[in-house]
S.K.: 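Mind looking over this structure? Questions follow.
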Amino acid sequence: MNLPETGATVEELLAEVARLKEHDLPVRGGQVTAYVYDTGRGEVHEAAARAYFEMLEVNCLDPTAFPSIVEMEKQVVGAVADLLGGGHGIFTSGGTESIMLAVKAARDAAGRERPNLVLPVTAHPAFHKAAHYLGVTVRPVPVDLGTYRVPALGIKEAIDEDTVLVVASAPSYPQGVVDPIEEVAAVAAAANVPCHVDACVGGWLLPWLREAGADVPPFDLSVPGVTSLSCDLHKFGYAPKGASVLLFADPAMRRKAYFASAAWPGYTIINATVQSSRSAGPLGGAWATLRALGREGYLELGRSTLRAAARLRAGIAEIPGLEVLGEPDSSLIAFRGTDVDVFTLADEARARGWFLQPQLSYAGIPANLHITVTGVTLAGVEAMLQVIAESAEAARSRGPAELPEGLVDLIAGLDLESLDDATFAELAASVGVDLRPGAGQPEMAVVNAVLDALPAATREAVLVRFLSVIYQ
Ligand SMILES: *Cc1c(COP(=O)(O)O)cnc(C)c1O
C-alpha cells in the first residue's frame, strides 16, 4: 500500500475491506469446519461486536486507570471457574498465551536448571512453542493407537526430577478424545509435579455436552492433582477471537505467571499476560457473549452440537472408504481414508464450497481430515455428509496427488537455511506449487502430500519458508 496523501472516508474504507475479504472463507454458516465458531444466532455475535467496539480503546495495561476491565475480567474468569472446578484466573488472548503462562508459572515455581515438560504427542503445539520460548525441554509420550489417549503409565515413566509440568488434554484437538485426566493427574501428584489440563477447545463445551446427556469423564480443577487449566472462550464460548481463561488451583502459582518490572525510569509494569498494552475489546466481546447466551443458550448449543456430532460420525462411517478415528468424546471428529486420499478429498470438498481441515500423519497416526462440529452444524449436517460422500467418490477416481519422482528426497536433502525466498518459490513452482505473487490458491493436495512425506523437522523448515514467501 502506498500511504495515501489524503484520508479516505469510512464508506471508501469499508468498500475496500469488503473487496479484500472477497476470497476469504466464510466465517458464518457452518461450511468452514475449522477456525470459526458460529452459534447460528446473529444477535449473539452482534452483541459481542458492539461490546467489543465499546471496549476497543480501553487499555488493559493499567487496571487502576480502567476499573471496568477489572470488573469484567472478574466476571468472565468467575464464570469459567464456576463451571470448571474453581481456581484463580487470568483472561488471556488465546489458548497459546494461556499455555505460555501456565508453562512459565510451572517453570518459575520449580526453579530447575534444566526444566522439562511431559506431554502426550497429541498435545497442542502451543506447548512446544512455550517450551521453545521459555527454555524448557519437551518429553513427548506416545498415545494408544486405538484410542488416541495417552496411557498414564507412559506419563509416569517420562517424569524425572527435572519435570516441572505434566500435560493432558480435554480433549486433544487431533481426534477429539479426552486423556485419562484422573489417572494422569494422580501420577503427576505422586511425583509431586503440577498437572495442566489443556481444555482450550473442550473447557466450555464438555460441561454442556455432559448436561445434554454425553458421557464426559471428570477433567477439571476439581480432579485431585490438576493444578491448572486453560479454556478458550473464542472457541466453544463463541466469543470473538482474543479470549481465553487460564485457571490455577493455587493463587501462589498464578502469581508466578505474573510479571512486574521496575527496572527502568518509566511507568511501573505489572502484567498478568504476555502482552502489555492490550485492547479490552476481546474482554468486552467475551463478557457480552457469555451474557447474551447464558446457561440456557449454551446448553441448547450443546444439545444441537451433540446431535450433529453423532449424526456426522454415523454418516461418515457409512461412506465407503472412510473411517472415523477413535471414539471422539467431544464434537471434534477426524476421519481417514482407507482407499481414498484425504488431501484430494479436502480439495474436492473445497471446490464444492466446504472446508475440511487436513491433518498430517504423525507418531503412527495416519493422515486425516478434521471437522469441528459447532452449534450451527446441525442445520447443514446432511448437506455436509452429501459433500463428503461426493468428494470421497471424486477423490477415489482422481487418486492421490502425483509427486515428481525424487522430489521428497530432494527437499529432505536441501539446505533450506542457505536458500533465499525467491529460489524457494521458484523451486516450488517447478513442481506445480506456485506461491509467487498473483499465482492464486496453490493446489493443497500437492502441498499436503509433500509435507506428509517429510520428517517433522523438515516439515517445519518448509512451513517457515512457505510463510516467508507468502509475505514476500
Ligand atoms: C486451539 C487450541 C489451542 C491453542 O489455542 P489458540 O487460541 O489457537 O492459541 C491449544 N490447545 C488446544 C487443545 C486447542 O484446541
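Atom set for the values below is all heavy atoms of this structure, side chains included, hydrogens, waters and symmetry mates excluded. All residue numbers refer to positions in the sequence shown, counting from 1. Just so it is clear, the model here is predicted, and its values are computed rather than measured. One-based numbering, in listed order, for ligands and for the atoms of each.
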S.K.: Hey, is the main chain of Val138 close enough, under 3.5 Å, to the side chain of Asn116 for a donor-acceptor pair?
M.R.: no
S.K.: When you measure from the centre of the six-membered ring of Phe424, is the NZ or CZ of Arg465 closer than 6.0 Å and no more than 45° off the axis?
M.R.: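 Relative to the ring axis of Phe424, which defines the angle, Arg465 lies inside both limits.
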S.K.: Report yes if some heavy atom in the side chain of Glu182 is under 4.5 Å from a heavy atom in the side chain of Pro218; otherwise report no.
M.R.: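 Touching, per the 4.5 Å side-chain cut-off.
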S.K.: Does any non-hydrogen side-chain atom of Thr305 lie less than 4.5 Å from one of Thr377?
M.R.: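 No, every pair of side-chain atoms sits at 4.5 Å or beyond.
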S.K.: For ligand 1 and Gly95, I'd like to know whether there is a polar contact (N/O to N/O, distance under 3.5 Å).
M.R.: yes
S.K.: Say whether Ser244 and Asp232, considering side chains only, have a donor N or O and an acceptor N or O under 3.5 Å apart.
M.R.: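 On atom types as modelled, these side chains qualify, holding a pair under 3.5 Å.
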S.K.: Below 4.0 angstrom from a heavy atom of Val201, which ligand 1 atoms are there? Numbered from 1 as shown, please.
M.R.: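 Taking each heavy atom of Val201 in turn, ligand 1 has 15 (O) under 4.0 Å.
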S.K.: Any side-chain donor paired with an acceptor under 3.5 Å for Thr344 and Asp347?
M.R.: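 Result is no, nothing qualifies.
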S.K.: What about the rings of His370 and Tyr173, do their centers lie closer together than 6.0 Å?
M.R.: yes
S.K.: Closer than 4.0 Å to some heavy atom of Tyr173 - which atoms of ligand 1 meet that?
M.R.: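 With Tyr173 as reference, the close atoms of ligand 1 come out as 15 (O).
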S.K.: At less than 4.0 angstrom from any non-hydrogen atom of Ile99, what atoms of ligand 1 do you find?
M.R.: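 Contacts of ligand 1 toward Ile99, numbered from 1: 10 (C).
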S.K.: Between ligand 1 and Thr96, is the shortest N or O to N or O distance under 3.5 Å?
M.R.: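 Yes, since at least one N or O of Thr96 sits under 3.5 Å from an N or O of ligand 1.
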S.K.: Quick one: look at Ala126 and ligand 1, take heavy-atom pairs under 4.0 Å, and tell me if it's side chain, backbone, both or neither.
M.R.: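 Neither; no heavy atom under 4.0 Å.
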S.K.: Below the 3.5 angstrom mark, is there an N/O of Lys235, backbone or side chain, next to an N/O of ligand 1?
M.R.: yes
S.K.: Looking at Asp232, which atoms of ligand 1 are within less than 4.0 Å of one of its heavy atoms?
M.R.: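 That gives atoms 1 (C), 5 (O), 7 (O) of ligand 1.
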S.K.: Gly94 heavy atoms, cut-off 4.0 Å: which ligand 1 atoms fall inside?
M.R.: 7 (O)
S.K.: Side-chain contact, heavy-atom cut-off 4.5 Å: Val201 with Ser330?
M.R.: no
S.K.: At a non-hydrogen distance cut-off of under 4.0 Å, which region of His234 contacts ligand 1 (side chain, backbone, both, or neither)?
M.R.: side chain
S.K.: With heavy atoms of Cys200 as the reference, note each atom of ligand 1 found under 4.0 Å away.
M.R.: 2 (C), 3 (C), 10 (C), 11 (N), 12 (C), 14 (C)
S.K.: Below the 3.5 angstrom mark, is there an N/O of His124, backbone or side chain, next to an N/O of ligand 1?
M.R.: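 Between His124 and ligand 1, no N or O pair is found under 3.5 Å apart.
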S.K.: Between Trp208 and Phe236 (judged by ring centroids, cut-off 6.0 Å), do the two rings come close enough to count as a pair?
M.R.: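 No, the ring centres sit 6.0 Å or more apart.
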S.K.: Among all protein heavy atoms, pick out the one at the shortest distance from atom 13 (C) of ligand 1; state its residue, atom name and that distance to 0.1 Å.
M.R.: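 It is Asp198 OD2, 3.3 Å.
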